[in-house]
Amino acid sequence: MRIFQSIRSFKNAVWGASLLSILVAGIGLLVIVFGEKYHLRLVYAAYVNLLVVLGLQVFMGNTNITNLSHSAFMGLGAYVAAICVTPVTIKKLSLPDAPWGLNTFELDAFSSAIISLTITGFLAFLTGLIIVRLSGIGATIVTIAILVIVHSVFMHRTDIFKGKQAFFGIPQVFDLYSIIIISIGVIFVARFFRESKWGIQLRASSDDDTSASAMGVNIFNLRLFAWTLGGLILAMAGICYAYFLGTISARPFYFSHVFLTLAMLILGGMRSITGAVLGTIMITFGLEWVRFMETGPVLIGIKFPEMLGLSGITLGAVIVLIMVLRNGGLVGNFEIEQMFLKGRNVPKV
Amino acid sequence: MRYPMTQGLRKHISGINMTTIAIIKNYNKSNIREKIMKQFLKNLSKILFVSFIAFPAFGDTIKVGFPVPLTGEYAPYAEIQGAKCMAEIINKNGGVNGKKFELLVQDTGTDTQTAISLTEKFLEQGVIAIGTIPFSDTMIPVAQIAAGYGVTILQAQSTQVEMHTGIVDNFISNVSPDPFTAAAAAEYALSEGVKNVVLLTSDDGGSWSAKTPLWFGEAIENGGGKVLSKMNFSIPTSDWSPQVAEMKKLSTTPDAVYISSIMPDVGVLIRQMKAAGIDAWVFGSDGLDDPSLDSVADSDKSILDKVAFGTLAPSQPGSAMQAFQKECKAMGMPVDGMFPALGADVIMAIAYAVEKTGGTDPEAIRKALRDADSIPVRTVESVSFKKNKSHAERTVPVIGFKDGVRVLLSNTIPSFVPSWK
Amino acid sequence: MTVVPLVLLSLQKTNMLEVKNLSVFYGRIKVVHSIDFSVKKGSCVALLGPNGAGKTSTISSILGTVSSSGSIRFLDKDISKMHTEERVKLGISIAPEGRRVFSNLSVFENLFIGSAIREDRKAADEEINAWLKTFPILDERRDQAAGTLSGGEQQMLTIARALMSRPKILLLDEPSLGLAPRITRQVFELIQDLKAQGMTILLVEQNATEALKLADFSFILNSGNVIASGSSEEILNKGDLMSSLTGVEA
Amino acid sequence: MDYIVQQTLNALSFGAEYALIALGLAIVFSIMNLVNFAHGEVIAIGGYTMMVMATLAFKNPIIIILGAVLAAIIMALFLERIAFRPVRYADATTGLLTAFGVSLILQNLFLLLVSPRPIAVTSMYFLDWPIRLGPIQISSLQIFETLATLIAILLLVLFLKKSLLGIAMRAASLDFEMVRLMGIRANRVIAAAFAISGLLAGIAAIFIIARRGAVDPTLGFNPVLKAFVACVVGGFGSLPGAVLGGFLLGALEVGMLVLLPQSYGGMKDAFVFAIIAIILVWRPEGILSPPKEKGDKI
């Protein structure tokens, strides 16, 4: 069975993913060489968000169904890995009442990640069975339900997840280099999926307004696959989050993170991987600047007023303006290799 | 490792001069040239960056970093207004040993990742102490990073018990943890003849809302009282009628209800209980210490007569805190509420340690804080970290109301504190 | 006394509706290519052609519900830039393809909403009653949801609804579509009556035989172009044209 | 027995509040397929207006109520004009995201211009006093709120049945283009829908403030999330569905609090949302979903 319809789409995928990888790795390396220490953390957080945005893109970009549950899957990935990898000595302290012997074992980082991916992927698959049967706004509503349910469980099974308190003591496994490599891998995966014949079929079917019930079984399965793949990438993002920070709680995996990453995706344009990467870069740097302006700095001798909430307003404005002015985001269907491979048109859907 | 900004700048500039000379000397050796180019770019970018981000500051200053929640869920607990005002007061009077306070403040939007990167940034800029989002999921990683610099996390308002279980060593809270406020409230309740209590718990505020009521219950039972029932609630709750109906159903009428939650939710509970004819005390924790609580009595002065909360510093009229708030208001730097006012105390504690050690070495500062028998602060007379190391030993006030006006009901260090470590 | 006939005469001379160089687009796809046609006051003009010829697109462009270019003049006013609502207020009304009664509204409410632009509320109410008398079956179901009516009844309701706004021109889009032959006859009888009362009508039909009986003048469309036009006689004489219209559906 | 009656009454008043807000969401959705998450901020505007009026020393409660309701209506119309009109013809998801964006902007504007902390607004306290019916204890506010919701539903039904604009709105929920072809201006119908949703938000704001006695930037977000759930359960776009969903949710929530064991009390939201998901799988369009026909929006 062939994955790509033509050798051209394969080539485009390789080209595009490579160019984006160079861009993404380039920014990371520049920061490693030139940046202050705190830039490294900032950039690491940006990479985690990039993974989230890519995970989101795999489903949203190809099916055109808005997903608002992505932060929940990221949280699942983070928690499962954290529960597995955290040393028993710490878990005895932090999770004294954990059920099912969760505080009596510890695994190495790699096995923990695999278990986390398996469990989150399986949960994504289960929820996917519901999601793919709904269309448009109905599906989006169920994703909100998933977000609230998962958050609720994180918050109230404090014996396992610690809720709003810190789940601490997770060993620091990753550094900036690791996440750069993972990001490149995920960029390739997302881009290959987009250009594969399944991706193309999905995108073709998403333009159609036919209700999901009228669709062939094939589209169901494809959607389910995209949803699960997205879930796996989100789990990976969660693992990266936990493996660097060392401390997690239920708080970061809720609405504010949902909106932040969603704004990143739709700013660049959810239909393309280039858009996803671009949006993440722009919002990350833009917000950093806005946050600086928020606290009323002195610039060129001018004292600016303190403007708390400016970053929230900026995010909201980005979402509204993109929706109103340029529904497809800044780049629409454009992929980066089109800048270089003139004349050889990428198959458009 | 740490250098004041101006020195840092000078260093970089001289670095550039050196590299420029080196470039001229070695223009034909390409591999060296590359290296030098890299060095040059690195210095250039640093200068650009430093001049962009840094506040122009001259002379030796006492830098304190505040990656705090000015927006988002935990914005009400930011200590920044009081800290700024106190720093201004000290600076106006010539600083500490001639050194002035310089506060580096940036909003985290209540986001842990942001707090962490800002912490790293402030550490690089040479702060000697950090105050951040007062929840353990942020304080733990922030403290772990700061530990590498020897810097202390000095929280003005953190009552979370997790921070005192020895996960990190460089953490100091300038107030008493939750079990103390619960115990103080219970002590007062027992003195008022309270026997039967109902506890309202919630996981939404971490251990603060989940465990504090249980500690209160423990202290009541220790004093011969009884816990009638535990009920669950979520934050926010704007209608308590189901819980109130549940209270009325109890076979024994409760003498008191304990809740650790926030305004305006608790205000609704107080009014709905009163409306339902439940004549019980409502006890609470520091979450109730909000200016908007007082306005619950707007329509009926007696409604707050049986409301009291164990809190972090006395906030009734005539208290040191109110005097401080007045002073700040006159300076055009309003400090609204108890949490913002507590910021003054950490600044004073740092000032004390700087004066004591005669310098700004963060490790020495921490040691000085922990060694002192008594450190003068603003909202109470003094605090001491000698006994507890990671949190202050200070009196825990219980605030109540008379005719709708705050009164100090008691202000002691509670004798029985439930075990919590 | 002499003024009124003069006005009528002048109107009769000029075209009530005049379409020139009209092209219709769906997104980037052009479905009607620069066609011209006109409708004189009091006449019945038919747009005929096979499925997909662009008839409905043309009629929709007259009301401005699809994007088009070219000039559309109604009563000597260029209406091509106007909002749909303004065109309706000028006196254009439509009984659309597939009837599109408001199925969640009662029969009465359908007629009532048809008179939305009327200022003379009393007269309009009387007219509603008159219509209900004309079609007793509608009167019977006066307060029932229009969705419960049969196809023929819905078609009658649609035409009545379109007339409630007292239009100067009535656009009828496929009034016989999907109706039984007996019902179709009733519908065409109604159209015949309207024409006899002096109503200007633009009729779109696939049922060319019936339409040509009614029409004073016809335009035949295929693939978005006018391929023939003339009086019914002229069209009927061109046998090949007729067979292609009535027999084949491209 | 008294306890059951008491909790039933509580459930009813919970439901009334959800129904009131859900109606505001549903009326806009039925006409332009927009899930207006910024409805919560329209409620908040009502609250902030009361705050401003209190500081300007307006004492007359009627003036304050009218002011708050008017502000909410104006806000709803303003949002329609500047944010939602440009996405009127876009798909429902675009509308939803726009509404989320608007909601973010407004929440942060409140924060920037007023305060992140709750600000006391006690001018509506006078609506709240205890009423004793034998062993049952209720607050006047619960009665007012339930009554106001019922009256609002009644007036809304009258308006939708008897007035031309109301009939046009019902017609528009099925076939917007056909309504325009009747010569009725689209802007007028949509503005009417937003004005009504603003009115309902204003009324909701009065009761919310009367109970909470304080206003903060996120005042409206949680009630609207709940009302949104009510809409989904009832069938999005169906007005009877919104009312049914609201009361059902009220019953569900109080029921959960009463029946769930204490240790699971916090999982209330998880259970409520799980039920929603199940209902959607069983009936993807909700319980009382309105009929769907072509040409819904143009």
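In what follows, chains carry the letters A, B, and so on, assigned in the order in which the sequence lines appear, proteins first and then strands, with residues in each chain numbered from 1.
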In terms of heavy-atom proximity below 4.5 Å to chain B, should [X] be classed as side chain, backbone, both, or neither?
X      : value
D/D216 : side chain
D/F126 : neither
D/Q142 : side chain

>> I'd like to verify something: which residue of D/P118, D/A214, D/S115 has the highest number of heavy-atom pairs under 4.5 Å with chain B?
In response: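 Ranked by heavy-atom pairs under 4.5 Å with chain B, first place is D/P118.
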> Among D/A11, D/A120, D/P223, D/S140, who wins on heavy-atom pairs under 4.5 Å with chain B?
Replying inline: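 Result: the option with the highest number of such pairs is D/A120.
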> Which heavy atom of D/L257 sits nearest a heavy atom of B/N232, and at what distance?
Replying inline: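 What the structure gives for the nearest pair is CD2-O, 4.0 Å.
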>> Side chains of D/Y125 and B/D300, heavy atoms from C-beta outward: is any pair under 4.5 Å?
In response: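 Not in contact.
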>> With heavy-atom distances below 4.5 Å as the criterion, would you say the side chains of D/Q6 and B/P242 are in contact?
In response: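 Contact flag for D/Q6/B/P242 side chains = no.
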Among [options], residue most engaged with chain D (heavy-atom pairs, under 4.5 Å):
options                       : value
B/E246, B/M263, B/E73         : B/E246
B/P236, B/A275, B/P76, B/S202 : B/A275
B/S295, B/A75, B/S241         : B/S241

Return the [atom1] to [atom2] distance between [X] and [Y], rounded to the nearest 0.5 Å.
X      : Y      : atom1 : atom2 : result
D/R117 : B/F339 : CZ    : CZ    : 8.5 Å
B/R271 : D/D128 : CZ    : CG    : 4.5 Å
D/R212 : B/D239 : CZ    : CG    : 12.0 Å
D/W129 : B/S299 : CH2   : OG    : 12.5 Å

> What pairs meet the side chain to side chain donor-acceptor pair (under 3.5 Å) rule with one or both residues in residues 48-61 of chain D, with sequence neighbours excluded?
Replying inline: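 For residues 48-61 of chain D: none.
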Heavy-atom contact with chain D under 4.5 Å, split by part of [X]:
X      : result
B/V244 : neither
B/D336 : both
B/L293 : neither
B/T201 : side chain
B/P340 : side chain

> When you look at NZ of B/K248, are more than 12 heavy atoms from neighbouring residues, nucleotides or ligands closer to it than 6.0 Å?
Replying inline: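 Yes.
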> Do other residues, nucleotides or ligands put more than 12 heavy atoms under 6.0 Å from D/I62 CD1?
Replying inline: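 Incorrect, the count does not exceed 12.
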>> Checking an interface table here. Which of residues 278-292 of chain B come within a heavy-atom distance under 4.5 Å of chain D?
In response: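 So the qualifying residues are B/D290, B/P291, B/S292.
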